[in-house]
Each structure stands twice: as C-alpha cells, then as structure tokens.
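Heads up: the structure comes next, in structure tokens.
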Amino acid sequence: MATGRDVAERAGTSTAVVSYVFNNGPRNVSPATRERVLQAAAELNYSPNALARALSAGKTLSIGLIVPDIANPFFGELARAIEDAATERGQLLIIADSAGSEQQELQHLTSFIERRVDGIVLVSVSDDPHLGTVSEAAIPIVALHPLDLDQPASSLTIDYDHAAEEATRHLIGHGYTSIGILNGPSDSAGSRQHAAGFTRAILRSPGIAASNRRSDTSRADAARVAMEWLTEPDRPRAVYVATDEQAFGVLYAAAELGLQVPADVAVVGFDGTAHSLYAIPPLSTVRQPIPELAVRAIHLLNDPEHPHVHEILAHRFIPRRSCGC
C-alpha cells in the first residue's frame, strides 16, 4: 500500500504538504502543488488513513450506545438511526445492551471509557445514572430520556407528560368511560410523566373511571398482566400503554380472551415503532421522533461549544384502528 511518503516523493514535495492537502490545512497549499499531490495519489492508488489521522487528534471515530434491551424494536430502530447519523460523520457505532441492569450499564460505561470512544448515547435504566467517571474522562454524553439537570450530560427527550395526556384525551373523546393505564415497572421519570399526563386527562373529564397496572416493558409480561386485568368484572374499556411492546402484549391477551379490539377494549401504545402499523388491528400510538433524536444526539456529541443542553423534541399522535378510529 502506498504511503504519504510515497506520494510526497512522486509529487516532489514533503509529507507535511501531503497532509495539508488531505486534511484541508492547517496551512494553505497552492493550486499547482495540490494538483501534483492529488495526481500522485491517484497514480499510486493512495488512500489516506482516516483512523490514523483521528488518533493523532485524540479521536477514535467511534460512538458508544447503551440501551436497556436491544431486542425491543424501538431500541433497534433507534440504534439504526444513530448508526446512520454517525456514519454520515465517518464514525463507527458500538452498541451495548445493559439488559435493564444498572451494574451492567456501569460496566459498559467503563468499557467505553477504556476504548476512548468519542461520545456516548445513553438510554439509562436509572433517573440518576453514574456519569462521574465519564465526565472525568472528558467524554461527552447524551441521554435520550429525562435527566436531572445537575448531571454532567445533555439530554434529548419528548414531553411524556403532554403526550400521555393527549393520548388519554383521545380515548376519552371516543366516549370511553372506563380507562386504564399500563405503565412501566419502575418509578422512573418517564413512568411518572406517563402517570401524570394520564391522571390529568382523567381529572379534567368528570365521570371517567380510572385504573392502573404495571408490567415489565416486554410483550410477555404485559400479556400476563393484561390476561388478569381484562378478566376482572370492572375491566377497563380502553387502555393507554406506556410502550408499544407492552401494547402488543395487551393485544395478544385480548385475542386470547376472545375480546375484540376496539369493540370490547380499545388500546393506545407509545413509541411509534414500525411494528405498530402491522399489529392486528393497527396500533394507535404516540410517535417518538427517532430520526431527529439520532441526528441531534450525534451533533451534540461532536459539538464542544454546547457541552450540556436539555431539549424537548416534538412527538406525534398517530390514530389507527386499535383505539376506534
């Protein structure tokens, strides 16, 4: 393989000038000399080593992503979008699955520090993740969920509270007078916001009977909870569900119990995964702006001028047949 020295010798210049040409600086190169260098590089089939240049600048051209469950379609779609955004900048995405464990999440953070990634995108299992060591290593980090403002990280999220209220009010608008919420398993900031938005919509509409349950954010556990819930005498007529994955479990339970959706029980999910369109019936859901989250996260990781920002992006409610539309 040709080297920068080989190109310099053929072009009759120095290796420093070759470097200036392929790095667009830091010094200017005359048009004639630039043309000689590019011609020599073409004749020698020379390809500059991007990683070597990055390492010399203290970069590894890699981004770390930690999610709690890569098998969840939402996180799969998110990872794909982040990879696309990172690739646009010539960066490689390294994906780690915490399996819902704070300890495993911390181990992945430590591993990313040791690998000297250029930045980390985090979907934590905790409201208060341990980010001190990441901050000490001067590695930028962006969390894709609500985050305490005193954390040494940026955050990108949507307004779960408003989205939950909007989805619940949509169910109320269909005339359902008994509405339940199937929330996530923990008292996280996201779960609290789901509950707050749901409760506010109920309180603003007198005469609505409300109930609530929790399950893991998996189809299997949501189906288990829904199988019991939907057989109770005062089962809800409609259910707002905190994730699409849990909503798929509710749809499965309804089918197993012989209940028609939405004739017997209406269902609204949350996340807006591609799978939601192909559920039976198609699932009404709150769409998270996955492409926008991904592009903005990668931008923030590569923008040292804005070390810590906290932004709320727009969501979109998508009505489909599962709610009665």
Side-chain angles (χ1 to χ4, degrees), residues 67-80 97 99-100 123 125 160 163-164 166-168 170-172 174-186 188 190-191 194-195 197-198 209-288 290 315-325:
V67 297
D69 180 11
I70 196 60
N72 184 318
F74 172 73
F75 295 122
E77 290 182 29
L78 179 66
R80 177 63 178 272
D97 188 332
V123 182
V125 299
Y160 290 90
E166 180 182 353
T168 306
H170 183 83
L171 290 172
I172 293 171
H174 275 287
Y176 305 129
T177 57
S178 173
I179 303 176
I181 177 175
L182 179 59
N183 212 335
S186 64
S188 65
S191 293
H194 280 295
F198 171 82
S211 55
N212 66 83
R213 296 290 188 278
R214 289 183 181 273
S215 78
D216 291 343
T217 54
S218 69
R219 302 184 193 196
D221 198 50
R224 177 189 63 80
V225 171
M227 289 286 284
E228 298 178 2
W229 196 12
L230 298 180
T231 55
E232 295 176 0
D234 57 349
R235 64 175 174 82
R237 178 62 182 80
V239 182
Y240 166 69
V241 192
T243 70
D244 283 353
E245 276 295 278
Q246 290 167 283
F248 297 144
V250 174
L251 293 178
Y252 172 85
E256 287 293 295
L257 294 170
L259 299 175
Q260 298 294 313
V261 177
D264 297 315
V265 58
V267 181
V268 168
F270 191 100
D271 281 336
T273 58
H275 290 210
S276 63
L277 177 60
Y278 302 99
I280 301 176
L283 180 67
S284 300
T285 185
V286 174
R287 173 70 174 170
Q288 296 217 46
I290 293 177
H315 65 272
R316 182 163 63 96
F317 180 73
I318 303 176
R320 297 190 180 119
R321 294 209 304 272
S322 71
C323 68
C325 286

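Remember, it's a predicted structure, so these values are computed and weren't measured experimentally.
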Please round to the nearest 0.5 Å and tell me the distance separating atom [atom1] of [X] and atom [atom2] of [Y].
{"X": "F317", "Y": "F270", "atom1": "CZ", "atom2": "CZ", "result": "11.0 Å"}
{"X": "T285", "Y": "H275", "atom1": "OG1", "atom2": "NE2", "result": "12.5 Å"}
{"X": "Q246", "Y": "T217", "atom1": "CD", "atom2": "OG1", "result": "6.0 Å"}
{"X": "N183", "Y": "S188", "atom1": "CG", "atom2": "OG", "result": "7.5 Å"}
{"X": "S284", "Y": "H174", "atom1": "OG", "atom2": "NE2", "result": "7.0 Å"}
{"X": "F248", "Y": "S218", "atom1": "CZ", "atom2": "OG", "result": "13.0 Å"}

Which heavy-atom pair separates [X] from [Y] by the least distance, and what is that distance?
{"X": "Y160", "Y": "G190", "value": "CB-O, 4.4 Å"}
{"X": "V265", "Y": "A254", "value": "CG1-CB, 4.1 Å"}
{"X": "S211", "Y": "W229", "value": "OG-CZ2, 3.3 Å"}
{"X": "P281", "Y": "S322", "value": "CG-CA, 3.8 Å"}
{"X": "G100", "Y": "V125", "value": "CA-CG1, 3.5 Å"}
{"X": "P319", "Y": "C325", "value": "CB-SG, 3.6 Å"}

The test is side chain to side chain donor-acceptor pair (under 3.5 Å); show your working for D271 and Q288 and say whether it passes.
CA-CA 5 Å; D271 281 336; Q288 296 217 46; 2.9 Å; yes

Is there side-chain contact between [X] and [Y], with heavy atoms separated by less than 4.5 Å?
{"X": "P282", "Y": "R321", "result": "yes"}
{"X": "V239", "Y": "V268", "result": "no"}
{"X": "N212", "Y": "F198", "result": "no"}
{"X": "L182", "Y": "Y240", "result": "no"}

Given L251 and I280, is the side chain to side chain contact (heavy atoms under 4.5 Å, CB included) satisfied, shown in steps?
CA-CA 8 Å; L251 293 178; I280 301 176; over 6 Å; no

Just wondering, more than 12 heavy atoms not from L257 lying within 6.0 Å of its CG?
yes

Salt bridge (Lys or Arg N to Asp or Glu O under 4.0 Å) assessment of E166 paired with R316:
CA-CA 10 Å; E166 180 182 353; R316 182 163 63 96; over 6 Å; no

Verdict with reasoning, V123 to L78, per side chain to side chain contact (heavy atoms under 4.5 Å, CB included)
CA-CA 10 Å; V123 182; L78 179 66; 4.0 Å; yes

Decide yes or no on side chain to side chain donor-acceptor pair (under 3.5 Å) for R287 and S276, but give the supporting numbers first.
CA-CA 10 Å; R287 173 70 174 170; S276 63; over 6 Å; no

Mark yes or no for whether D221, through its side chain, and S215, through its backbone, hold a donor-acceptor pair below 3.5 Å.
no

Can we say E228 and R235 salt-bridge, meaning some charged N sits less than 4.0 Å from an Asp/Glu carboxylate O?
no

